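The structure under discussion appears below in the form of structure tokens.
Every value quoted in this text rests on a predicted model; they were computed, and no experiment measured them.
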Amino acid sequence: QVQLEESGGGLVQAGGSLRLSCAASERTLGFYAMGWFRQAPGTEREFVAGITRSSGDTNYVDSVKGRFLIYRDNTKNAVYLQMNRLKPEDTAGYYCAATDVGSREIVSRRASEYDYWGQGTQVTVAS
């Protein structure tokens with residue numbers, strides 16, 4: 001069982017930056033591909049960014065490419081989402097998730113393929 005906890009959300013002005021952190025209880029987080037998702041009220045959960053087990057590959061939704069960066073530190077059992085040039089439409093609850101991919105270096109964009117989820121952290125971008 002992997003327990004995930006997000007932090008770093010808050011209120012920021014448009015154009016500002018935030019860094020979200022996802023801390024994991026699992027000592028071998030390196031076995032899991034990781035993803036960040038977001039969900040605004042009345043909408044479906046949306047894939048934002050994902051990273052393979054060894055950080056060999058990343059994947060982003062088009063709306064955040066060039067503004068967000070996902071990275072991980074397996075020695076600290078943590079994954080991060082650096083969010084720059086934030087826009088009001090980025091406002092949502094942000095969730096990190098882990099998926100057991102065995103030895104494969106893959107990134108999944110599908111929420112249904114993730115096994116473990118954090119409780120989320122709210123990001124609000126004021127215009």
Side-chain angles (χ1 to χ4, degrees):
Q1 188 75 11
V2 178
Q3 294 183 337
L4 303 173
E5 183 174 1
E6 304 92 338
S7 61
L11 173 64
V12 64
Q13 293 293 317
S17 298
L18 284 174
R19 188 184 78 156
L20 304 184
S21 300
C22 176
S25 62
E26 176 59 57
R27 292 184 178 183
T28 54
L29 186 61
F31 286 132
Y32 300 93
M34 301 296 296
W36 284 97
F37 290 77
R38 65 186 178 187
Q39 187 169 20
T43 68
E44 294 185 355
R45 191 162 292 190
E46 175 190 35
F47 172 82
V48 176
I51 188 167
T52 57
R53 293 174 55 211
S54 65
S55 304
D57 192 18
T58 57
N59 200 309
Y60 300 89
V61 67
D62 286 348
S63 61
V64 307
K65 285 182 180 177
R67 300 189 297 122
F68 289 13
L69 175 69
I70 185 172
Y71 60 102
R72 65 192 298 165
D73 186 342
N74 288 342
T75 65
K76 296 182 179 179
N77 288 321
V79 179
Y80 307 93
L81 185 68
Q82 177 66 44
M83 306 187 295
N84 300 321
R85 290 184 282 138
L86 282 160
K87 303 176 181 181
E89 51 263 44
D90 295 318
T91 295
Y94 282 72
Y95 301 84
C96 72
T99 177
D100 187 350
V101 294
S103 61
R104 296 173 295 168
E105 286 289 316
I106 60 173
V107 175
S108 175
R109 299 168 67 100
R110 300 174 64 177
S112 61
E113 295 184 359
Y114 285 79
D115 305 298
Y116 305 103
W117 292 82
Q119 294 190 336
T121 186
Q122 179 66 31
V123 171
T124 301
V125 184
S127 58

Testing the basics here: between [X] and [Y], what is the closest heavy-atom pair and its distance to 0.1 Å?
| X | Y | result |
| --- | --- | --- |
| S108 | E113 | OG-OE1, 2.6 Å |
| V48 | V64 | O-CG2, 3.7 Å |
| A49 | L81 | CB-CD1, 4.1 Å |
| A40 | T43 | O-OG1, 2.7 Å |
| L4 | A24 | CD2-CB, 3.6 Å |

Between [X] and [Y] (side chain of the first, backbone of the second, donor and acceptor by atom type, cut-off under 3.5 Å), is there such a pair?
| X | Y | answer |
| --- | --- | --- |
| S127 | P88 | no |
| E6 | Q119 | yes |
| D57 | T52 | no |

### Message
Using the rule that Ile, Leu, Val, Met, Phe, Trp and Tyr join whenever any side-chain heavy atoms are under 4.5 Å apart, tell me whether F47 and L86 fall into a single cluster.
### Response
no
### Query
Under a single-linkage definition using a 4.5 Å side-chain heavy-atom cutoff for Ile, Leu, Val, Met, Phe, Trp and Tyr, are Y94 and L11 assigned to the same hydrophobic cluster?
no
## Note on the structure
Contacts of E105 meeting salt bridge (charged side-chain N to carboxylate O under 4.0 Å, His left out) (sequence neighbours excluded), chain-then-number -> none
### Query
After noting the C-alpha distance and the side-chain angles of T58 and V107, does the key distance pass the side chain to side chain contact (heavy atoms under 4.5 Å, CB included) rule?
CA-CA 7 Å; T58 57; V107 175; over 6 Å; no
As an exercise, state the distance from [atom1] of [X] to [atom2] of [Y], rounded to the nearest 0.5 Å.
| X | Y | atom1 | atom2 | value |
| --- | --- | --- | --- | --- |
| Q122 | R38 | CD | CZ | 12.0 Å |
| Y95 | F37 | OH | CZ | 12.5 Å |
| M34 | Y80 | CE | OH | 11.0 Å |
| Y32 | N77 | OH | CG | 10.5 Å |
| C96 | Y114 | SG | OH | 10.5 Å |
| S63 | D90 | OG | CG | 7.0 Å |

### Query
With the threshold set at 4.0 Å, does a side-chain nitrogen-carboxylate oxygen contact exist between D62 and K65?
yes
### Query
More than 12 foreign heavy atoms under 6.0 Å from CD of E5: is that the case here?
no
### Query
Do W36 and V79 come close enough that some side-chain heavy atom pair is under 4.5 Å?
yes
### Message
With heavy-atom distances below 4.5 Å as the criterion, would you say the side chains of W117 and R45 are in contact?
### Response
yes
### Query
Can you list every salt bridge (charged side-chain N to carboxylate O under 4.0 Å, His left out) pair that touches residues 117-127, not counting sequence neighbours?
none
### Task
Apply side-chain contact (heavy atoms from CB on, under 4.5 Å) to V101 and list each qualifying residue two or more places apart in sequence or on a separate chain.
A33, R53, T99, R104, I106
